[in-house]
Amino acid sequence: MNKNYYITTPIYYPSAKPHMGHAYSSIIADFFARLKRIQGFNVYFLTGTDEHGQKIQRAAEEKKMDPLLFCDQISKTFRDLSDTLNLSNNDFIRTTESRHAKSVQNLWNILEKKGEIYLSKYSGWYSVSDEAFYTESEIEDLDGVKKSITSGSKVEWVEEESYFFKLSNWQDKLIEFYNKNQDFILPETRKNEVVSFVKSGLKDLSVSRKSFNWGIKVPSNKEHVIYVWLDALTNYLSALNYPDESDNLYKSFWPADLHLIGKDILRFHAIYWPAFLLAAGIDPPKRVFGHGWILSGDEKMSKSKGNILDPLEIIDTYGLDPLRYYLIKEVSFGNDGNISQEKLESCINSDLANNYGNLCQRVLAFCDKNANFEVPDNDTFTDNDKLILDQYSQHYDNLIKYSDNQNVNLYINFIVEQLFAPKSSTTFIPFLLGQRADRAGLSMFSIIFKFNFEIKKSAPVFPADTIAFASLFFNDSIANHILVSLPLLAALKAVSSPSTILSV
RNA sequence: CGCGGGGUGGAGCAGCCUGGUAGCUCGCAAGGCUCAUAACCUUGAGGUCGGCGGUUCAAAUCCGUCCCCCGCAACCA
């Protein structure tokens with residue numbers, strides 16, 4: 001059985017400061033990474049920044065900075081975000097690193113050698129002031145002058161020498177690939193979109209530019225730099241030290257298990273990326289999941305609407321783990337979700353403070369009051385006790401099933417309803433036995449057992465708070481005494497040992 | 001006729017594929033209680049499931065049509 005698991009976030013384009021969408025992608029990816037780790041997988045979790053292109057080059061020129069120095073700065077804000085989000089990533093890749101250039105150029109050479117890339121001309125309606133190309137449908141003719149519909153700026157017909165990838169050749173092979181790998185694109189509705197798009201016909205893809213030079217040079221023609229997706233997507237390979245296929249990272253983790261991305265870049269990940277890889281004779285990733293957008297209220301966040309929620313400000317005000325919990329629990333994974341201060345506060349109050357916080361509080365108070373944090377040696381379990389404790393291993397099976405299909409909401413709801421909800425705890429053994437002095441020790445044990453289970457399963461959701469709380473129980477003085485004094489020690493350790501929790 | 005998603009009690013959503021007492025969270029009202037926080041538990045009020053038509057013994061769920069919102073329309077998390 002393959003116990004390796006490779007998961008990635010998109011690499012972020014740092015032309016603006018990090019926003020909620022970046023935070024969301026990263027937090028969800030981190031959730032999966034941590035989840036897989038507690039299931040015993042050897043996880044490799046990658047994130048990073050995409051630093052090439054004209055926008056970056058211009059921005060650097062405006063500040064009269066060397067592009068790389070400029071990128072060092074902006075990339076750092078994203079690296080800082082990873083720290084702020086407490087991401088458990090194993091690596092942070094930058095497309096300006098030499099290991100990446102080596103990887104991209106190698107992929108390019110293979111594609112060129114196989115005749116998948118050819119030199120031609122890229123042409124289109126270009127607006128100098130917008131620095132952007134527009135399609136025929138995006139421009140209008142006003143008194144004989146062509147203008148962009150959206151910006152109103154003048155556009156002119158421009159032709160530029162460019163290399164093209166024969167994407168049109170891969171239409172049928174992509175369809176075949178999607179058919180063979182039904183779960184390659186999730187959620188299913190997005191898959192349908194992609195498939196129908198591919199069936200409608202694919203044009204060859206421009207993969208180089210001459211008009212600027214901030215990028216990776218085309219190996220065989222230094223006048224060109226490799227453009228956008230062939231550069232950016234390859235980060236997933238270069239982080240594994242591709243093209244060294246004998247490298248241990250590459251051998252262990254490619255093909256990737258899950259590229260987690262926003263739905264806006266689904267097309268590039270679900271069409272271009274497998275096409276590039278199939279063309280180069282490399283296995284495509286196993287799954288691409290396009291999650292939804294995080295909206296503010298009902299609307300897309302935008303500066304003009306003034307409804308931007310800055311993740312850093314939110315974290316500063318409410319804390320990281322509450323934000324993580326909100327995004328994981330309240331957003332229907334795969335669909336668009338929304339966030340507002342009101343909703344966040346409501347969620348924090350009811351779920352985290354009143355339910356989870358209340359549970360923590362009552363467990364502590366219970367243990368103190370009834371057992372003085374000590375467990376007598378002469379307690380025994382009745383069959384009924386064991387039965388209840390056994391339920392937790394069944395829960396565990398359910399949770400694994402959910403997580404394998406990226407059913408984030410089923411996972412979190414299961415935890416909340418079955419484990420955190422005061423209702424479920426109220427019927428649990430210790431609270432029923434607490435008053436009986438002869439079984440106080442058992443009460444202590446079983447509640448710790450249950451709680452141990454709960455906090456372990458919730459650790460991917462709020463890792464920092466979980467560890468902080470777990471340490472209240474599983475420090476040397478308390479945990480050791482409890483564990484060594486009970487008959488089911490071995491079983492307990494097998495299910496969840498304190499050291500496992502604390503290392504999550 | 002470009003493509004797709006959505007319209008379910010005050011708010012946010014699930015259910016729809018595989019028709020059969022309309023469910024969850026928050027909010028609201030009334031009781032109760034402790035191992036527990038302005039906590040928790042129980043019960044209750046509140047919905048013609050966007051409109052119209054069809055299939056069916058039976059439709060939120062399938063089919064048709066119309067209205068309204070929101071994305072996408074090739075290089076943008």
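Proteins get letters first, then strands, A, B, ... in listed order; numbering begins at 1 in each.
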Using a strict threshold of under 4.0 Å (side-chain N to carboxylate O), is an ion pair present between A:Lys210 and A:Glu160? no

Hey, does [X] reach any base, or is it just sugar-phosphate, or nothing, if we go heavy atoms under 4.0 Å?
X	value
A:Leu205	base
A:Tyr12	nothing
A:Tyr24	nothing

5' precedence on RNA chain B between A:Ser206 and A:Glu330 (nearest-nucleotide basis):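 Nearest nucleotide further toward 5': that of A:Glu330.
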
From the options [options], select the nucleotide whose nearest atom is closest to the side chain of [X].
X	options	answer
A:Lys203	B:C75, B:A74, B:C40	B:A74
A:Lys343	B:A74, B:C40, B:G12	B:G12
A:Asp264	B:C76, B:A74, B:C75	B:C76

Under 3.5 Å donor-acceptor, A:Asn89 side chain and A:Asp91 backbone: yes

Check the orientation of A:Phe289 and A:Phe333. Use parallel for under 30°, tilted for 30 to 60°, and perpendicular for over 60°.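 The arrangement is parallel - the two ring planes meet at less than 30°.
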
Do A:Phe276 and A:Trp229 have ring centroids that are under 6.0 Å from one another?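 Ring centres of A:Phe276 and A:Trp229 not closer than 6.0 Å.
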
Between B:C57 and B:C49 - P atom distance, rounded Å: 22 Å

